[in-house]
Amino acid sequence: VTVARVGTVRLVGAGPGDPELLTLKAVRAIASADVILHDALVDRAVLAHARVGARIVEVGKRGGCASTPQAFIGQLMIREARAGFDVVRLKGGDPFVFGRGGEELDELAAAGIAVEIVPGITSGLAAPASIGIPVTHRDCAHGVALVTGHAADARDEPDWAALRASRLTVVIYMGMANAGAIAAKLARAGWLASTPVAVIARATRTDQADVVTTVGDLEPAIRAGGLASPAIIVVGEVAARAQTRETVSTAPRGLRPAAETRLARA
Ligand code: SAH
């Protein structure tokens, strides 16, 4: 009697963009996978770790168009694992930070599939770090909140007043389409118009672009800088600690020159 082998599914974080920000565990999972289902946000160089013959399927969505239904992704993973294949579900950043990793885990667990989670570096932490912004700082930020700027409906919105009262650094994902409305909500919740804000688009990629502005100037600054999604918006005193005020950088991966120079001198 032969017992059919059931494959595993690994929910793997691909990090923010720079292929060098993958974990060793992610590289190993990608290299051994039979099937890789990845988001649009995942860099080609990350997929270069796949073995010859691996099936690579893009199931991502970008800007709302041509999205793969979530139910289809779940069914595909279950089917492939039951057929004995090792599946990697590769997601930008960390799979459990606005990545629907929780939903996919539930679905796989309900189907009795073995799941391994490989955390990744989330863009909300990598983006500010790429321009020298510490999201916590003993002088001015005693914690950080990661929130969505794109709530499905008003009930799912972050409680901006509570966030204001918390005095935490606020890191906003998926906020670019609503940046003007978000700035108005921040102002209404009590943030001063002069509160520093950093916007970092395509963080850690070779075409990263960023701007440091204020709550009052957020929307015009985004427009002037030509910044677009995917981007992270960082609200709080720490944003003023950015190491460069250039609006656009084309510097290569890793630490950018301004931060590098600064660190070398320190
Ligand atoms: N799981 C991902 C987030 C997915 S939600 C993570 O942990 O990073 C998609 C949002 O992530 C985008 O709208 C944007 O706000 C942010 N994002 C992802 N990659 C980014 C990058 N390289 N630079 C800036 N923001 C990014």
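Position 1 is the first residue of the sequence; numbering continues from there.
Scanning both residues, Ala193 and Thr214, for their nearest heavy atoms gives O-CB, 3.2 Å. For Leu22 against Gly13, the heavy-atom pair with the smallest separation is CD2-O, 4.2 Å. Contact detail for Ala81 and Val87: the closest heavy-atom pair is N-CG2, 4.0 Å. Between Pro16 and Thr204, the shortest heavy-atom contact is CG-OG1, 3.6 Å. Scanning all heavy atoms of the two residues, the minimum distance from Pro128 to Ser123 falls at CD-O, 3.9 Å. The minimum heavy-atom distance between Ile182 and Gly175, with the atom names listed, is CD1-O, 3.6 Å.
No side-chain heavy atom of Ile73 sits less than 4.5 Å from a side-chain heavy atom of Glu103. Side-chain contact between Val97 and Leu146 is present, with at least one heavy-atom pair separated by less than 4.5 Å. Leu37 has its side chain out of reach of Leu90: every pair of non-hydrogen atoms, C-beta onward, lies at least 4.5 Å apart. For the pair His38/Val57, no side-chain contact is recorded, criterion being any heavy-atom separation below 4.5 Å from C-beta on. In this structure, Pro95 and Arg89 have side chains that are not in contact, with every pair of non-hydrogen atoms separated by 4.5 Å or more. Proximity of Ser229 to Met174: side-chain heavy atoms (C-beta onward) are nowhere separated by under 4.5 Å. Side-chain contact check for Val197 versus Trp191: every heavy-atom pair is 4.5 Å or farther apart. Gln243 places none of its side-chain heavy atoms less than 4.5 Å from the side chain of Ile131.
We find the CE-CG distance between Met77 and Leu108 to be 4.5 Å, quoted to the nearest 0.5 Å. From Ile36, atom CD1 reaches atom CZ of Arg10 across 11.5 Å, with rounding to the nearest 0.5 Å. The distance from the NE2 atom of His142 to the NE2 atom of His137 is 10.0 Å, given to the nearest 0.5 Å. With values rounded to the nearest 0.5 angstrom, Leu186 atom CG is found 8.5 Å from Thr195 atom OG1. The structure places CG of Leu125 at 12.0 Å from CD1 of Ile133, a figure rounded to the nearest 0.5 Å. One finds the OG1 atom of Thr213 at 6.5 Å from the CG atom of Leu218 (value rounded to the nearest 0.5 Å).
Environment of NE2 in His150: sparse, with no more than 12 heavy atoms of neighbouring residues, nucleotides or ligands closer than 6.0 Å.
Not counting sequence neighbours, the partners of Trp160 by the side-chain hydrogen bond (donor to acceptor under 3.5 Å, both in side chains) test are Glu157. Here Phe85 pairs with nothing under the ring-ring contact (aromatic ring centres under 6.0 Å, His included) rule; sequence neighbours left out.
In terms of modelled atom types and a separation under 3.5 Å, the side chain of Arg82 and the main chain of Ala111 share a donor-acceptor contact. Of the possible donor and acceptor atoms, one in the side chain of Arg202 sits under 3.5 Å from a partner among the backbone N and O of Asp207. Under a 3.5 Å cut-off, the side chain of Asp34 and the backbone N or O of Asp86 do form a donor-acceptor pair. Side-chain atoms of Ser32 come within 3.5 Å of backbone atoms of Arg28 as a donor-acceptor pair (strictly under, hydrogens ignored). Using modelled atom types, no side-chain atom of Asp156 and backbone atom of Ala151 make a donor-acceptor pair closer than 3.5 Å. A donor-acceptor contact shorter than 3.5 Å links the side chain of Tyr173 to the backbone of Gly124. Using a distance-only test at 3.5 Å, with no hydrogens or angles considered, a donor-acceptor pair links the side chain of Lys91 to the main chain of Gly99. Judged purely by atom type and a 3.5 angstrom limit, Arg5 uses its side chain to pair as donor or acceptor with the backbone of Gly84. Side chain of Asp39 to main chain of Leu41: no donor-acceptor pair is present (N/O by atom type, distance under 3.5 Å, no hydrogens or angles).
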| message | Would Arg167 and Cys140 count as a side chain to side chain contact (heavy atoms under 4.5 Å, CB included) here? Give the steps. | response | CA-CA 9 Å; Arg167 299 178 10 253; Cys140 60; over 6 Å; no
| message | Run the side chain to side chain contact (heavy atoms under 4.5 Å, CB included) test on Ile30 and Val46 for me, step by step, so that the C-alpha distance in whole Å, both residues' side-chain angles and the decisive distance to 0.1 Å come before the verdict. | response | CA-CA 8 Å; Ile30 294 165; Val46 170; 3.8 Å; yes
| Can you check side chain to side chain donor-acceptor pair (under 3.5 Å) on Gln70 and Glu107, steps first, answer last? | CA-CA 10 Å; Gln70 192 63 37; Glu107 210 173 333; 5.3 Å; no
| task | Please assess Glu116 against Leu11 for the test side chain to side chain contact (heavy atoms under 4.5 Å, CB included), listing each intermediate value before the final yes or no. | result | CA-CA 6 Å; Glu116 187 188 342; Leu11 300 179; over 6 Å; no
| task | Check the pair Arg155 / Asp153 against salt bridge (charged side-chain N to carboxylate O under 4.0 Å, His left out), numbers first and verdict last. | result | CA-CA 6 Å; Arg155 276 171 317 169; Asp153 66 70; 3.3 Å; yes
| request: Test side chain to side chain contact (heavy atoms under 4.5 Å, CB included) on Ile117 and Leu105 and set out the steps. | output: CA-CA 9 Å; Ile117 316 297; Leu105 176 59; 4.3 Å; yes
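When the options Val170, Leu168, Val171 are evaluated for a side-chain contact (heavy atoms from CB on, under 4.5 Å) with Val135, the one that passes is Val171. Exactly one of Ile222, Asp210, Ile232 qualifies for a side-chain contact (heavy atoms from CB on, under 4.5 Å) with Val199. That residue is Ile222.
Hydrophobic clustering (side-chain heavy atoms under 4.5 Å, transitive across Ile, Leu, Val, Met, Phe, Trp, Tyr) keeps Val118 apart from Leu21. Follow the hydrophobic side-chain contacts under 4.5 Å out from Ile113 and you reach Phe72 in the same cluster. Under a hydrophobic clustering in which Ile, Leu, Val, Met, Phe, Trp and Tyr are joined whenever their side-chain heavy atoms come within less than 4.5 Å, directly or via other members, Phe96 and Val9 fall into the same cluster. Hydrophobic clustering of Ile, Leu, Val, Met, Phe, Trp and Tyr side chains at less than 4.5 Å, counting indirect connections, unites Leu163 with Val215. Taking hydrophobic clusters as Ile, Leu, Val, Met, Phe, Trp and Tyr residues chained together by side-chain heavy-atom distances below 4.5 Å, Ile121 does not share a cluster with Val27.
In summary, the side chains of Gln208 and Ser130 do present a donor paired with an acceptor at a separation below 3.5 Å, with no hydrogens or angles considered.
Salt bridge annotation for Asp43-Arg205: present, with a cationic side-chain nitrogen under 4.0 angstrom from a carboxylate oxygen.
Within the structure, the side-chain hydrogen bond (donor to acceptor under 3.5 Å, both in side chains) test picks out no pair touching residues 217-228 (sequence neighbours left out).
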